[in-house]
Number of protein chains: 2
Amino acid sequence: MAPVGRPRSDASHAAILKATYELLREEGLARLTLDKVASRAGASRSTLYRWWPSRGAIAMEATLDMLNQELSLEPKSDNALAEFRRLLKSVARAMRGSTGPIMAGILAECQRDPETLRVFKENLVAPRRAEVVPLLERGIQDGSIRPGVAPHTILDLTFGAIYHQLLLHVPTDDAWMDGVIDILVNGIAAKPAA
Amino acid sequence: MAPVGRPRSDASHAAILKATYELLREEGLARLTLDKVASRAGASRSTLYRWWPSRGAIAMEATLDMLNQELSLEPKSDNALAEFRRLLKSVARAMRGSTGPIMAGILAECQRDPETLRVFKENLVAPRRAEVVPLLERGIQDGSIRPGVAPHTILDLTFGAIYHQLLLHVPTDDAWMDGVIDILVNGIAAKPAA
DNA sequence: GCATTACGACACGGTATGTCTCGTATTCAA
DNA sequence: TTGAATACGAGACATACCGTGTCGTAATGC
């Protein structure tokens, strides 16, 4: 049971993630090469390949580390719908910074590497949804959200809208996000009786 | 003014686009190389580079040719909102076939090549929106869509949702699309009086 | 000490890129 | 009919990155 041999170097691990993260901010995932990561981290490419299967995997780990710091769901409890609003705005705000292009790059990488997509869904999409879906279900029960809508579909729409702007490189602002939320909450159909 | 010298070969042009299109269906954009395109088309790589600046540009032209055949807005005229519904379903249906992965690949390519993104927005996104936005504005005027919503934001949401499923490789069906449209039309907020 | 594992440095073959040269083909104008 | 201009297919070339492998050395437990 006792691990034998020289242990993995935490310093090297940290240096690699740091170098990856810096390079992602500077040049984006598209121009990220393992050569650059290794040389900036003072590591060798062998070490990278020993611990990660692909470029996408390294970028993913570096990004998840960063995202999980940046985005934390603080569960204030008033109306569930109001809380959902706050959540969306915080996501949109995060994507407005240098995190946005990195996320777009990761989504792109997911298209060329199924394994990266799997990790992305498993370690980012699924956990986030697992937090938000109960919130929406609570909203249905407390009467702020109408019954009959599938929480997952709500999330497809909202994150879809944010991804859409990200991928098309359309900058977002609070007004845009307010418009999105308004449509999402109230719909676009004219009310029968105003 | 008269063009001098040997004219561009239409046969070669067509063969290249056909080869590109076939390879896109077979292997996707991620595995598309200009070598393969050239050899399948019986052309030389020189010819490809003479007429297109990048892999993305070739893939884009081939895809636009195909998309513009596949998707045609047939303007039946009843309620504008009903027409919008039909449009969305036809887009979702198109993305369900082999076109979906190709679109996802193009969106990915756009993240690594700004010029490809520019062409994509200019030749696909913008013209489509130019068709649909007036439809939505008509819906506002004929009373089926409530005033105050920005047509562009509606499209950000709807296409965002479709792209979202595409990029995360989540297959869609009619039920999902119905759910999306329901939320979009009616919103998620509980009606004050049911 | 000794087995075991991690490390950095480096080399190798493979693949795709973008640019270039070459000989040949096709068009128009003189 | 000749020549200038341009396109074509074939292929060479340097470059870049990839993924793997080898080496000598360093660090840990027994």
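Just so you know, these numbers use all the heavy atoms, side chains as well, and skip hydrogens, waters and symmetry mates. Lettering follows sequence order; numbering is per chain, from 1.
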Task: Heavy-atom pair with the smallest gap, counting every atom of A59(B) and I106(B) - done: O-CD1, 4.3 Å

TODO: For L29(B) and dA16(C), give me the distance from atom CG to atom C1', rounded to whole Å.
DONE: 14 Å

TODO: Go through residues 39-58 of chain B and report each residue with a non-hydrogen atom lying under 4.0 Å from DNA chain C, sorted by number.
DONE: R45(B), S46(B), Y49(B)

TODO: Give the rounded distance in Å between these two atoms: CZ of R112(B) and C1' of dA16(D).
DONE: 13 Å

Task: Nearest-angstrom distance from the residue atom CG of L34(A) to P of dC18(D) - done: 5 Å

Open item on the list: Side chains of T33(A) and D35(A): any donor to acceptor distance under 3.5 Å?
Closed with: no

Task: Atom-to-atom span, CG of D35(B) to C1' of dT17(C) - whole angstrom - done: 9 Å

Open item on the list: Short of 4.0 Å, heavy atom to strand atom, which residues of residues 6-20 of chain B count as contacting DNA chain C?
Closed with: R6(B), P7(B)

Open item on the list: For the NZ atom on K121(B), are there more than 12 heavy atoms of other groups (residues, nucleotides or ligands in this structure) within a distance under 6.0 Å?
Closed with: yes

TODO: Kindly check if the number of other-residue, nucleotide or ligand heavy atoms within 6.0 Å of NE2 (H13(B)) is above 12?
DONE: yes

TODO: Scan side-chain atoms only and decide if R128(B) and N68(B) contain a donor-acceptor pair under the 3.5 Å cut-off.
DONE: yes

Open item on the list: At 10 degrees resolution, what angle do the end axes of the helix from dG1(C)-dC30(D) to dA30(C)-dT1(D) form when each is taken over five base pairs?
Closed with: 0°

